[in-house]
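Structure, as C-alpha cells:
Predicted model only: the values in this text are computed from it and were never measured.
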Amino acid sequence: MAKKKSQDKQQETALVKVNTDLALPVDLIDELAQSPSLQEIDEGDRMTPYYCFNVKLKDPQGNWYPPNVFFHTLREDTKPELDCILLLLHKTYRYRIFDEKEGSKTLCQSLDCREGVWIETGEVLSCRGCQYQQWLNHTPPLCKLCYNFVGLDLENQEPFIITAKSTSITPAKQYLNRNFLRKLDGKDLPLFVYETHLGLTQPSGTYAVLTLERGPANSPKDIRSLARLTKDCLLYTSDAADE
C-alpha cells in the first residue's frame, strides 16, 4: 500500500500545471517549448487586456454581467476590485452608442484629442469646434473625454488598460489632484510612486462609477524599475502611433 502511494506521488510531481486547464508531463513541457507552431508571433501580436465595467455582455449561462465588476477582455472573467500600480494616463475622445442588435459601437474616435476618425468612412475630423462635443439644451456632449490608464495588476503582474469616462471622470480627476498633481516641489508626482486600489460603486443604482484609493508607497528600488518600465511603454506607444 505504501508503495502504491509513493508511485502516485511521483506521478503527481511529474505533472506540471500550465496557464490553461492542462496538466502535462515535464518531458512534454520541454518538447512543447521548442515547438515552431507560433514562431511568427512577436510582441505586436500580444494584446493588452482591458478591464471594463458597465459592460453590456452576457456570461456563458446567458445572464447579463453586473455593471459593478471589472471584466477582463481576454480571459472573459470578472473581479469586484483591483489592486494595481498605475503607470500612464492618456486622454482620448470617443463617440460611442449602444445598439440592441450590435451592442456597443464606436462612431468616431480621437487618440490625441485634436483629430478624430469617423470609423465608417475613415474621414479625419477636427475635434476643435466639433458639433458632437457641444452641450445642446442641457444635454451633455455625445463625444466623451476618456481617461485611459495603463497599469500593472498586482495579483499577477499583468499589464492592463482601464478607461474612466462620463461619471468616472470626476473621481479620477479628484484622485490625481489629491495625490499626484503638484506634490513634488510644485511638480507632478508620477502615478507609479504609489499602489492604487480600484473599486466600483453604484450611486444611482444603474451605472457603476470607478473609485480610486491610494495604497502604500512603493520602495525606491521598485520606483526606479517602474520609471524605466513607464519609459519603455511611452516609446512603444509612440512607435505604434507612428506606424
Side-chain angles (χ1 to χ4, degrees), residues 48-54 68 70 80-96 109-116 126-130 133-135 140-141 143-155 157-204 207-241:
T48 300
Y50 276 79
Y51 271 118
C52 304
F53 52 99
N54 292 319
N68 60 337
F70 294 109
E81 53 189 6
L82 176 62
D83 288 309
C84 66
I85 296 173
L86 298 178
L87 301 175
L88 294 170
L89 166 63
H90 180 67
K91 292 193 289 186
T92 61
Y93 282 127
R94 183 173 64 182
Y95 176 16
R96 199 172 193 182
Q109 182 166 294
S110 170
L111 298 180
D112 58 8
C113 291
R114 293 191 295 270
E115 291 184 332
S126 174
C127 293
R128 186 174 183 180
C130 176
Q133 290 184 18
Q134 310 299 318
W135 282 75
C143 185
K144 310 290 187 181
L145 175 66
C146 300
Y147 276 22
N148 305 283
F149 292 97
V150 179
L152 284 176
D153 187 339
L154 289 176
E155 183 179 0
Q157 299 299 304
E158 177 186 66
F160 68 90
I161 298 172
I162 191 166
T163 298
K165 57 184 184 294
S166 301
T167 52
S168 292
I169 285 283
T170 296
K173 287 182 179 180
Q174 291 173 340
Y175 180 67
L176 294 174
N177 279 275
R178 188 165 52 246
N179 299 293
F180 300 99
L181 302 188
R182 303 198 180 280
K183 302 300 183 190
L184 187 65
D185 293 331
K187 298 180 181 179
D188 298 335
L189 194 65
L191 287 166
F192 50 79
V193 170
Y194 294 105
E195 294 180 9
T196 297
H197 178 80
L198 301 179
L200 295 165
T201 61
Q202 284 182 270
S204 65
Y207 294 102
V209 176
L210 186 67
T211 63
L212 305 93
E213 299 177 16
R214 198 187 78 184
N218 291 305
S219 69
K221 179 181 178 181
D222 287 340
I223 290 174
R224 290 189 178 95
S225 297
L226 291 165
R228 290 192 293 270
L229 178 60
T230 304
K231 196 176 208 180
D232 290 342
C233 287
L234 280 170
L235 290 173
Y236 175 77
T237 53
S238 175
D239 291 342

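Just one residue in the list T211, I162, D83 forms a side-chain contact (heavy atoms from CB on, under 4.5 Å) with L198, and that residue is I162. Here the options are F53, Y207, Y147, the test is side-chain contact (heavy atoms from CB on, under 4.5 Å), and the partner is S168; only F53 passes. Results of the side-chain contact (heavy atoms from CB on, under 4.5 Å) test with L176 over L89, D188, L86, L189 single out L89 as the only residue that passes.
Under the 3.5 Å distance criterion, the side-chain polar atoms of S110 are matched with a main-chain donor or acceptor of E115. For H90 (side chain) and L111 (main-chain N/O), a donor-acceptor pair under 3.5 Å exists by modelled atom type. No donor-acceptor pair under 3.5 Å is formed between the side chain of Q133 and the backbone N or O of G129. Using a distance-only test at 3.5 Å, with no hydrogens or angles considered, no donor-acceptor pair links the side chain of N68 to the main chain of T201. A distance-only check finds a donor-acceptor pair linking the side chain of N218 to the backbone of F192 [under 3.5 Å].
At a threshold of 4.5 Å between non-hydrogen side-chain atoms, the residues Y51 and D153 count as touching. Within the 4.5 Å cutoff, no side-chain heavy atoms of P216 are placed close to those of Y194. For the pair T170/Y175, no side-chain contact is recorded, criterion being any heavy-atom separation below 4.5 Å from C-beta on. Within the 4.5 Å cutoff, the side chain of R94 has no heavy atoms near those of the K144 side chain. When side chains are defined from C-beta on, V209 counts as touching P171, because their heavy atoms get closer than 4.5 Å. Looking at R114 and C127, their side chains never come closer than 4.5 Å, going by heavy atoms from C-beta outward. Two residues are said to be in side-chain contact when any heavy atoms from C-beta on lie closer than 4.5 Å; H197 and L82 fail this criterion.
F160 and F149 have their aromatic ring centers separated by at least 6.0 angstrom.
Summarising the local packing, CZ of R224 is surrounded by 12 or fewer heavy atoms from other residues, nucleotides or ligands at distances under 6.0 Å. A 6.0 Å sphere centred on NZ of K183 holds more than 12 heavy atoms belonging to other residues, nucleotides or ligands.
Between W135 and P141 the shortest heavy-atom distance is NE1-CD, 3.4 Å. The minimum heavy-atom distance between P80 and F70, with the atom names listed, is O-CE1, 3.8 Å.
To the nearest 0.5 Å, atoms CZ (R228) and CG (L226) are separated by 9.0 Å. Going from atom CG of L191 over to atom OG1 of T196 covers 7.0 Å, rounded to the nearest 0.5 Å. Atoms CG and CD, on L212 and Q174 in that order, are 10.0 Å from each other to the nearest 0.5 Å. Separating the CZ atom in R214 from the CZ atom in F180 is a distance of 7.5 Å, to the nearest 0.5 Å. To the nearest 0.5 Å, atom CG of residue L87 and atom CG of residue L229 are 5.5 Å apart. The structure places OG1 of T230 at 8.0 Å from CG of L152, a figure rounded to the nearest 0.5 Å.
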Tell me, with the steps shown, if C52 and T163 meet side chain to side chain contact (heavy atoms under 4.5 Å, CB included).
CA-CA 7 Å; C52 304; T163 298; over 6 Å; no

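When only modelled atom types and interatomic distance are considered, S225 and D222 share no side-chain donor-acceptor pair under 3.5 Å.
A salt bridge does not link D185 with K187: every distance from a Lys NZ or Arg NE/NH1/NH2 to an Asp or Glu carboxylate oxygen is 4.0 Å or more.
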